[in-house]
Student: 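Below are the structure tokens for one structure; questions will follow.
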Amino acid sequence: MSDITNPTPSDASSDAEDIGFVMRDRIAALTRLRERGVEPFAYSFDRTHSTAEARELLGENDEGPIVRLAGRIASWRSQGKTAFANLVDQDGRLQLYMRRDELGEDVWATAGELHVSDVIGVSGPLMRTRTGEVTVRVTELTLLAKALRPLPFGKEAVVDGQVVRYSAFSDTEMRARQRYADLAVHPEVRALFTARSLLTRTIRRHLDDLGYLEVETPVLQPLYGGAAARPFITHHNALDMPLYLRIADELYLKRLIVGGFERVYEIGHDFRNEGIDRTHNPEFTMLEFYEAYADYQGMMTRVESLLVAAADVLRTVPVIGERVPVLTTPFPRIEWVGSLVQAAGVDVTALDDAGLKEVATRVGVERPGTLSRPKLLDELFQALVESKIDTPTFVVDYPKALSPLAKPKRGNPELTERFELFARGKELANAFSELNDPIDQRERFEAQAKLRAAGDDEATMVDEDYLRAMEYGMPPTGGVGIGIDRLLMYLTDTANIRDVILFPTMRPE
RNA sequence: GACUCGGUAGCUCAGCUGGUAGAGCAGCGGACUUUUAAUCCGUAGGUCGUGGGUUCAAGUCCCACCCGGGUCACCA
């Protein structure tokens, strides 16, 4: 072999994984192709059909028209003077049949340099093989992109109508790190992310149809608020000031309600500097929508119809759709205090701090002594009620101390008009009749500031600009936040948030 | 963070009470004109996560650490 077709291992593999021996062969093939005047990286290819469209075009016939397809080689079965391959494109897979006598010596030689993962374009008539497989009888073949690295395509067989994959790419960490490879070899992963796109599209359409305006508010914020969470902090050089990545959109969207936009929503990323596990990614997608002149009762109806619309659309996605739960409205409503008292077997709201800690310890809350009273109540609620909820259920009327941005409940000022929606033990939505009394809001902020001073680093800060906005007069408003990642997890029965995020946050390799 | 399981070839994995590293697929060479987990013949491929220790001898036993999965906790 010449030098050019036999590069040293370091040429072929500069990273830690040593697949140089494979890449060497592919680079050698690429070089041989170039020497024969075949360009291994093309500029474009005109195709007439997708694999799915071609399959449909043939229908029940044994022979069909000429089609031009493009895609990736997923498998290759060379057989002397013929070869079979599987071509994969975005929505499907189709078999190719190549004959030396039909392709001619030149193209046949090119075909001989092809590998699994190469991107090619083909042309030829549709046909059906003896065994009934829809196939393109290739008459023209163009290499579109040579793959130097083989994708981990497993071998597939259809057993009892089910696709069985052998030697599959199954390392969950590597699949997340190399999502491009995960997507390339797993049609069901592409289907899940297609479903994700359909979900946000459906939400947008649903809210647009209700007269909502989609807006964008700052990701970089001088003060963070609207939720209880630790933020990411960054620094702006020219202003020489700290900026926080938002933990919620809430306070800016409500400023827009003050500004006269009566129905607004935003779908964007929030950032929370906390642990990573199967339900938490440091950045995640949040939907928030606010509606002037509505209260939390009206927003429950909005959430119900939104979720039903989302579930209906996802149910149409092949494979994924089978896992989508059937939602029936109205969702049950249970009261926060009532359900907690019932689950605890004692009126926890009437207990003093010591009694409350005792109950918390009994239930298994860790280090209850370090928690403020509202946090303690919330821990109890999580342990006793939230985690037990399976089908979508609204929990309504939260204690005031847990809800610094919600209006007091009519008839009971110790509670707020707030609901959260839970399903399978997880929070899907959080909403309230938004507090629009600036004097009350200031007091709530100051109470939060005290908690913060006492060591609760998730308590919010006083936002003077937000108060100023509210002082101009804010109409009564209903507001909702829905975590899109978790909603998709619920709707598609996906256990790990990493599986619904294309590029989840990972430790560096 | 706790518990637990794991890290061996490019991928998926086996490797017993310690005895010099294995398979299938992928790769490479060859045969084969309707195959489909193609088949057949041949061939190549490894710092067994890292570092210590025990031992004549460690993938295997011990210790520490790194990384990952699962469960629980934390994260309203």
Side-chain angles (χ1 to χ4, degrees), chain A residues 13 16-26 28-29 74-86 93 95-103 108 115-117 127-133 135 137 149-159 163-177 181 185 227-230 247-248 272-282 284 336 364-367 370-372 374-383 386-387 395 398-399 401-404 418 420 422 427 430 456-459 481 495-496 498 506-509:
Chain A
S13 137
E17 45 178 337
D18 185 17
I19 60 164
F21 71 97
V22 175
M23 292 183 70
R24 263 199 310 278
D25 291 326
R26 292 182 171 222
S75 66
W76 187 270
R77 295 178 293 283
S78 172
Q79 223 178 209
K81 298 185 181 63
T82 66
F84 291 88
N86 281 306
R93 175 184 276 242
Q95 182 169 259
L96 307 179
Y97 175 48
M98 285 154 282
R99 296 170 59 99
R100 182 176 183 167
D101 56 5
E102 288 181 346
L103 284 177
W108 182 254
H115 293 94
V116 166
S117 304
M127 58 166 268
R128 194 179 295 277
T129 62
R130 269 211 288 259
T131 53
E133 176 109 5
T135 301
R137 191 182 187 108
R149 207 181 267 278
L151 283 164
F153 280 107
K155 298 225 165 187
E156 289 185 3
V158 179
V159 180
V163 175
V164 181
R165 211 173 271 140
Y166 301 85
S167 299
F169 183 38
S170 62
D171 183 313
T172 55
E173 183 192 353
M174 220 184 306
R175 287 175 57 186
R177 285 190 189 283
V185 303
R230 278 195 290 274
I247 59 171
R272 298 188 183 176
N273 205 342
E274 290 160 353
I276 298 177
D277 62 27
R278 72 179 195 290
T279 57
H280 295 82
N281 195 62
F284 58 98
W336 194 93
V365 175
E366 283 187 3
R367 294 177 295 131
T370 64
L371 299 173
S372 63
K375 291 282 282 184
L376 207 48
L377 282 168
D378 193 46
E379 293 292 333
L380 279 178
F381 186 80
Q382 279 185 39
E386 270 185 34
S387 58
V395 175
Y398 280 64
L402 289 177
S403 314
R418 173 183 179 187
E420 292 197 313
F422 292 94
E427 175 191 333
N430 180 24
D456 183 350
D457 57 359
E458 291 182 350
N496 199 317
R498 202 169 56 178
M506 311 273 296
R507 192 186 297 272
E509 283 184 80

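Side chains included, hydrogens not; waters and symmetry mates left out as well; all remaining heavy atoms used. Protein chains get the first letters and strands the later ones, always in sequence-line order, with residue 1 at the start of each.
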Student: Taking B/U20 as the reference, what is the distance to B/C28 when you measure between their C1' atoms (whole Å, please)?
Tutor: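 It works out to 28 Å between them.
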Student: For the P atoms, the ones on B/A14 and on B/A57, what distance do you get once it is rounded to whole angstrom?
Tutor: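 Going atom to atom, P in each nucleotide, I get 29 Å.
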Student: Side chains of A/Glu102 and A/Tyr97: does their closest heavy-atom pair fall under 4.5 Å?
Tutor: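 Result no, sub-4.5 Å side-chain heavy-atom pair not found.
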Student: Would you mind pulling out the nucleotide paired to B/G70, Watson-Crick or G-U wobble, both distances under 3.5 Å?
Tutor: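 When the pairing criteria are applied, B/C3 turns out to be the nucleotide that pairs with B/G70.
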Student: Take atom P in B/G42 and the same atom in B/A23, then report the distance between them in whole Å.
Tutor: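 13 Å, rounded to whole Å.
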Student: Once you apply the 3.5 Å cut-off to both distances, tell me the Watson-Crick or G-U wobble partner of B/U47, or none.
Tutor: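 Partner of B/U47: none.
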Student: Can you see which heavy atom on A/Leu151 is nearest to which on A/Ser117, and at what distance?
Tutor: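 Residues A/Leu151 and A/Ser117, closest heavy atoms: N-OG, 2.7 Å.
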Student: Could you state the atom-to-atom distance from CZ of A/Phe153 to C1' of B/G10 in whole Å?
Tutor: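 Rounded to whole Å, this separation is 15 Å.
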Student: Measure CG/A/Leu96 against P/B/U34 and give the value in whole Å, please.
Tutor: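 The distance from CG of A/Leu96 to P of B/U34 comes to 16 Å, rounded to the nearest Å.
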Student: Would you please confirm or rule out a distance under 4.0 Å between OP1 or OP2 of B/A26 and any side-chain N or O of A/His115?
Tutor: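 Answer is no, no contact under 4.0 Å.
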Student: Tell which nucleotide pairs with B/U39, taking only Watson-Crick or G-U wobble pairs whose two distances are both under 3.5 angstrom.
Tutor: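 Check on B/U39: paired to B/A31, both distances under 3.5 Å.
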Student: Rounded to whole Å, how long is the line connecting atom CG of A/Asp101 with atom P of B/U33?
Tutor: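 Rounded to the whole Å, the gap is 10 Å.
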Student: Can you tabulate the close N/O pairs, meaning under 3.5 Å, that link protein atoms to atoms of nucleotides 68-71 of chain B?
Tutor:
| from | atom 1 | to | atom 2 | distance (Å) |
| --- | --- | --- | --- | --- |
| B/G68 | OP1 | A/Arg507 | NE | 3.0 |
| B/G69 | OP1 | A/Arg498 | NH1 | 2.4 |
| B/G69 | OP1 | A/Arg498 | NH2 | 3.1 |
| B/G70 | OP1 | A/Asn496 | ND2 | 3.3 |

Student: By nearest heavy atom, map A/Ile276 and A/Arg418 onto RNA chain B; which one lands nearer the 5' end?
Tutor: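 The residue mapped nearer the 5' terminus is A/Ile276.
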Student: Report yes if at least one side-chain N or O of A/Arg77 is closer than 4.0 Å to OP1 or OP2 of B/U35; otherwise report no.
Tutor: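 It does not, given that no N or O in the side chain of A/Arg77 lies less than 4.0 Å from OP1 or OP2 of B/U35.
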Student: Could you run down the sub-3.5 Å N/O contacts of the protein with nucleotides 29-32 of chain B?
Tutor:
| from | atom 1 | to | atom 2 | distance (Å) |
| --- | --- | --- | --- | --- |
| B/C32 | N3 | A/Gly80 | N | 3.1 |
| B/C32 | N4 | A/Gly80 | N | 3.0 |

Student: Among residues at least two apart in sequence or on other chains, which ones pass side-chain hydrogen bond (donor to acceptor under 3.5 Å, both in side chains) with A/Arg93?
Tutor: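 In terms of side-chain hydrogen bond (donor to acceptor under 3.5 Å, both in side chains), with neighbours along the sequence ignored, A/Arg93 is linked to no residue.
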Student: Evaluate the side-chain proximity of A/Arg77 to A/Gln95: yes if any heavy-atom separation is below 4.5 Å, no if none is.
Tutor: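 In contact.
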Student: In whole angstroms, how far is the C1' atom of B/G10 from the CZ atom of A/Phe169?
Tutor: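 Atom-to-atom, A/Phe169 to B/G10, this comes out as 11 Å.
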Student: When you compare B/C11 with B/G46, how far apart are their C1' atoms, in angstrom units rounded to a whole number?
Tutor: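 Here B/C11 and B/G46 have their C1' atoms 15 Å from each other.
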Student: Kindly assign one of parallel, tilted or perpendicular to the pair A/Trp336 and A/Phe381, based on the angle between their ring planes and the thresholds 30° and 60°.
Tutor: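 Parallel.
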Student: What is the separation between atom CZ on A/Arg149 and atom P on B/G27, rounded to the nearest whole Å?
Tutor: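 It is 16 Å, rounded to the nearest whole Å.
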Student: Rounding to an integer number of angstrom, what distance separates B/A44 and B/C25 when you compare their C1' atoms?
Tutor: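 It works out to 15 Å between them.
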Student: Round to the nearest Å and state the distance from A/Arg137 atom CZ to B/U35 atom P.
Tutor: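 Value for this atom pair: 13 Å.
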Student: If I take atom CE in residue A/Met174 and atom C1' in nucleotide B/A9, what distance separates them, rounded to the nearest angstrom?
Tutor: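 For the pair A/Met174 CE and B/A9 C1', the rounded distance is 13 Å.
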Student: Is the base of B/U34 touched by the side chain of A/Arg128 through a donor-acceptor pair closer than 3.5 angstrom?
Tutor: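 No, no donor-acceptor pair under 3.5 Å.
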Student: Rounding to the closest angstrom, what is the interatomic distance between B/U12 and B/A37 at atom C1'?
Tutor: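 Per the computed distance, 13 Å lies between those C1' atoms.
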Student: For the residue pair A/Glu156 and A/Asn86, establish whether any side-chain heavy-atom pair is separated by less than 4.5 Å.
Tutor: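 With C-beta onward as the side chain, the pair stays apart.
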Student: Check whether any side-chain heavy atom of A/Arg175 lies under 4.5 Å from a side-chain heavy atom of A/Phe169, and answer yes or no.
Tutor: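 Yes, close enough: below the 4.5 Å cut-off.
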Student: Flag the pair A/Lys81 / A/Arg99 as yes when at least one side-chain heavy-atom distance between them is below 4.5 Å, and no otherwise.
Tutor: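 No, their side chains stay 4.5 Å or more apart.
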Student: CE/A/Met98 to OG1/A/Thr82 distance, rounded to the nearest 0.5 angstrom?
Tutor: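 A/Met98 atom CE to A/Thr82 atom OG1 measures 9.0 Å (nearest 0.5 Å).
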Student: Got a second to check how far A/Arg177's CZ is from A/Thr172's OG1, nearest 0.5 Å?
Tutor: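 The CZ atom of A/Arg177 sits 10.5 Å away from the OG1 atom of A/Thr172.
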Student: OG1/A/Thr135 to CG/A/Leu96 distance, rounded to the nearest 0.5 angstrom?
Tutor: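 Here the interatomic distance stands at 8.0 Å.
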Student: In whole angstrom, give me the gap between the P atoms of B/A58 and B/C74.
Tutor: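 The same atom, P, in both gives a distance of 46 Å.
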Student: Can you check the distance between B/C63 and B/G6, where both ends of the measurement are the P atom (answer in whole Å)?
Tutor: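 One P to the other, the span is 15 Å.
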Student: Return the pairing partner of B/U17 with a 3.5 Å limit on both distances, Watson-Crick or G-U wobble; otherwise return none.
Tutor: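 Answer to the pairing question: none, since B/U17 forms no Watson-Crick or G-U pair.
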Student: Report yes if a side-chain nitrogen or oxygen of A/Arg26 is closer than 4.0 Å to either non-bridging phosphate oxygen (OP1 or OP2) of B/G27; otherwise report no.
Tutor: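 Looking at the OP1 and OP2 atoms of B/G27, neither is under 4.0 Å from any side-chain N or O of A/Arg26.
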Student: Please confirm whether any donor atom in the side chain of A/Thr129 sits under 3.5 Å from an acceptor in the base of B/U35, or the reverse.
Tutor: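 Looking at the base of B/U35, it does pair with a donor or acceptor on the side chain of A/Thr129 (distance under 3.5 Å).
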Student: Any side-chain heavy atom of A/Val185 sitting closer than 4.5 Å to one from A/Pro152?
Tutor: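 In short, these two side chains touch, coming nearer than 4.5 Å.
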Student: Could you please name the option among B/C74, B/U34, B/A38 that lies closest to any side-chain atom of A/Tyr97?
Tutor: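 From the listed options, B/U34 comes nearest.
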Student: With a cut-off of less than 4.0 Å, is there a side-chain N or O of A/Thr82 near OP1 or OP2 of B/U34?
Tutor: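 For B/U34, neither OP1 nor OP2 has a side-chain N or O of A/Thr82 closer than 4.0 Å.
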Student: Confirm from the modelled atom types if A/Arg99 and B/U33 form a donor-acceptor pair under 3.5 Å, side chain to base only.
Tutor: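 Side chain to base: pair present.
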Student: Just call it for A/Glu156: base, sugar-phosphate, or nothing, with non-hydrogen atoms closer than 4.0 Å on any strand.
Tutor: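 Sugar-phosphate, no base atom in range.
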